[in-house]
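Below you'll find the structure, written out as structure tokens, and then a few comments.
Counting convention: from 1, in listed order, for ligands and their atoms alike.
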Amino acid sequence: MNQRLTEAPSWHALQAHYDKIKDIQLRQLFADDPNRGDRLAAEAAGLYLDYSKNRITDETIRLLVQLAKERGVADRRNAMFRGEKINITEDRAVLHVALRAPRGTQIKVDGVDVVPEVHAVLDKMAAFSGRVRSGEWKGHTGKRIKNVINVGIGGSYLGPEMAYDALRTFTDRAMKFRFVANVDGAAFAEATHDLDPAETLFILSSKTFTTLETMTNAATARRWVVNALKSDAAVAKHFVAVSTNAQGVSKFGIDTANMFEFWDWVGGRYSMDSAIGLSTMIAIGPKGFEDLLAGFHDMDEHFRTAPLEKNLPILMGLLTVWYNNFFGAQTIGIMPYADNLKRFPAYLQQLQMESNGKHVSLDCQQVNYQTGPIIWGEPGTDGQHSFYQLIHQGTKLIPCDLIGFCKPLSEFTDHQDLLMANLFAQAEALAFGKTAEELKAAGSPDSQTPFRVCEGNRPTNTILAEQLTPRVVGALVALYEHSVFTQGAIWAIDSFDQWGVELGKVLATRIIPELQSSAEPKLKHDSSTNTLIGRYRSLRG
Ligand code: G6Q
């Protein structure tokens, strides 16, 4: 690992290979090998990955796998599963895989098996969820809880919201679930305006229990409940917490018996399957949550044991490196052809960009290569009517993951074929385009033809699953978690710290009193910040 990535023999070999095949056409690759579509595919944990529509040959995969071997991806993976402290800048183990390890598995951190603790918390969550779902857990005035609001931000928000949306069809429809993240008061107002405090349960989700946004929203929620129900005692029935900070939780007034614990070896963006998933469990029930965890675990086992060249997360991670570092692609589009996955791109945005947006390698050197790509996306088919144009005919190379399902969840089953026809057609059109000859043959006037040509050769992965079930959501999230891991291992960066986020958490604290003070503050920022603060203060009145 001491050798720099760009000095690795397989890196040089990949560079030479890239120079040779960079203009290779998908049309040609498919014409040369009629079985390409079957051959360049892999399957695991209920997910089928077709990676044939990528600008690669068998040699590309061989060299990328060679790179993974040279860079010790498997060793680093094994170290993660063994509970070693691979998050070196925070001196922490990285054990989200322990969150879904079946009872009886042994995973040790500092000599202690963490799996029994994980299951103790899961059991506590299941008991609590059962009481809320059955109506046994009542609010302060004796009313049944009908609304659950998760208060949390970043890793304590995106997973729960994404999972709730993804699994809506499996949720208790008699209950409402809302998610408040932003410190903008509008977020709290919108989430609560039509709810009765007597029927509302807040889950305060914060690993540290110090985050400004969450603590502000939590305090507002407390006032909202206590003012309406006219008693401080209401807090006990309307608030529970998910945190690693027992002291902070009891200071807020929540009995730690109603705190659901997790551990410093669970990173925020890797925590949706820990107690941070409490809202998910209340929504889909303990059995649904068990299925979700089983899907995660299926993919963990595949990642841990499958040969590198058949390993879905490894392949996806390596393809990301291929486009990011050799083709110079800056972004990756995530297009789920499932409306319920509309928050999935945002979820992956944090997972990937917070994990791999790093500029220093594990051996403390400034990297001399590109690291994490920009992740973005929207559900299909919506995106087709807006930004797909640039992917088809623009000047930038944007590899995309298209994610689709064979069986619909809604009762309007006739829509599914139309939805999936669009996914298949887009992947086909992006790969093969429309040539001038084809356009002319179809009657396009000469003067128009150049504008209508679609060059094709735009790469996509297609991920296909039977149905968007809890188990499949688990497998899908774990697929991307481990793809991110693979990329980070190749780039030799710490995918599990987030010092940029920590910086953001302290920056605003200096300015808050300057906005709040009634006396004119003495501003000592740059001239731009000083002017903006002055203008804000005078316009706000
Ligand atoms: C995740 C990040 C970040 C974090 C939030 C919330 O990996 O560290 O998104 O989850 O800042 O932090 P708390 O859970 O501590 O409130």
Side-chain angles (χ1 to χ4, degrees), residues 80 86-97 99 121 149-163 179-184 187-188 202-222 239-249 251-252 254 259-280 343-358 371-372 375 477-478 480-482 484-485 487-488 493-509:
M80 171 174 77
I86 62 166
N87 175 359
I88 55 164
T89 76
E90 294 182 314
D91 193 29
R92 285 177 181 168
V94 174
L95 268 183
H96 40 280
V97 293
L99 297 170
V121 173
I149 302 187
N150 185 77
V151 178
I153 197 162
S156 301
Y157 151 66
L158 284 159
E161 189 185 52
M162 181 278 288
F179 302 85
V180 177
N182 203 321
V183 73
D184 182 347
F188 185 85
F202 287 91
I203 303 176
L204 306 183
S205 295
S206 176
K207 183 170 166 178
T208 54
F209 224 73
T210 56
T211 306
L212 171 89
E213 294 88 335
T214 304
M215 291 301 104
T216 306
N217 281 319
T220 302
R222 195 181 201 287
F239 288 84
V240 296
V242 178
S243 188
T244 57
N245 177 358
Q247 239 185 343
V249 168
K251 209 166 137 211
F252 185 87
I254 296 175
M259 169 179 142
F260 300 84
E261 190 196 359
F262 64 121
W263 306 272
D264 73 354
W265 42 262
V266 185
R269 56 195 174 278
Y270 296 90
S271 68
M272 61 168 275
D273 48 337
S274 71
I276 291 289
L278 183 61
S279 61
T280 315
R343 295 295 284 156
F344 194 55
Y347 175 78
L348 291 187
Q349 203 164 49
Q350 177 185 30
L351 181 67
Q352 295 233 15
M353 293 171 72
E354 205 168 275
S355 297
N356 287 340
K358 309 289 161 67
T371 60
I375 301 296
V477 172
Y480 280 95
E481 284 178 349
H482 300 320
V484 167
F485 179 96
Q487 297 157 40
I493 52 178
D494 190 332
S495 300
F496 305 102
D497 62 11
Q498 56 281 314
W499 296 104
V501 177
E502 311 300 337
L503 173 69
K505 286 190 178 186
V506 295
L507 280 182
T509 53

Practice task
Answer with yes or no whether the side chains of N245 and T208 bring together a donor and an acceptor at under 3.5 Å.
Solution key: no
Practice task
Please tell me if the side chains of L351 and Y270 come closer than 4.5 Å, counting only heavy atoms from C-beta onward.
Solution key: yes
Practice task
Could you tell me whether some N/O pair between G154 and ligand 1 is separated by less than 3.5 angstrom?
Solution key: no
Completion exercise
Judged by heavy atoms only, the candidate from K505, K207, E354 nearest atom 12 (O) of ligand 1 is K505
Handout entry: Parallel, tilted or perpendicular: ring planes of F485 versus F496, cut at 30 and 60 degrees
Key = tilted
Completion exercise
The closest protein heavy-atom partner of atom 5 (C) of ligand 1 is I153 O, 3.5 Å
Problem - Residue R269 vicinity, atoms of ligand 1 by number, heavy atom under 4.0 Å - result: 1 (C), 7 (O)
Handout entry: ligand 1 atoms in contact with Q498 (distance to a heavy atom under 4.0 Å)
Key = 7 (O), 8 (O)
Handout entry: Any donor-acceptor pair under 3.5 Å from Q349 side chain to I375 backbone
Key = yes
Problem - Flag side-chain contact, heavy atom, 4.5 Å: N356 against T371 - result: no
Completion exercise
Candidates S205, S243, G504, S156; heavy atom nearest atom 14 (O) of ligand 1 found on S156
Problem - Polar atom proximity, E502 to ligand 1 (N or O, under 3.5 Å) - result: no
Practice task
Check whether any N or O atom of T214, backbone or side chain, sits under 3.5 Å from an N or O atom of ligand 1, and answer yes or no.
Solution key: no
Problem - Pairwise side-chain contact, F239 with L204, heavy-atom cut-off 4.5 Å (strictly under) - result: yes
Exercise for the section: Check if Q350 has a non-hydrogen atom at a distance under 4.0 Å from any atom of ligand 1. Expected result: yes
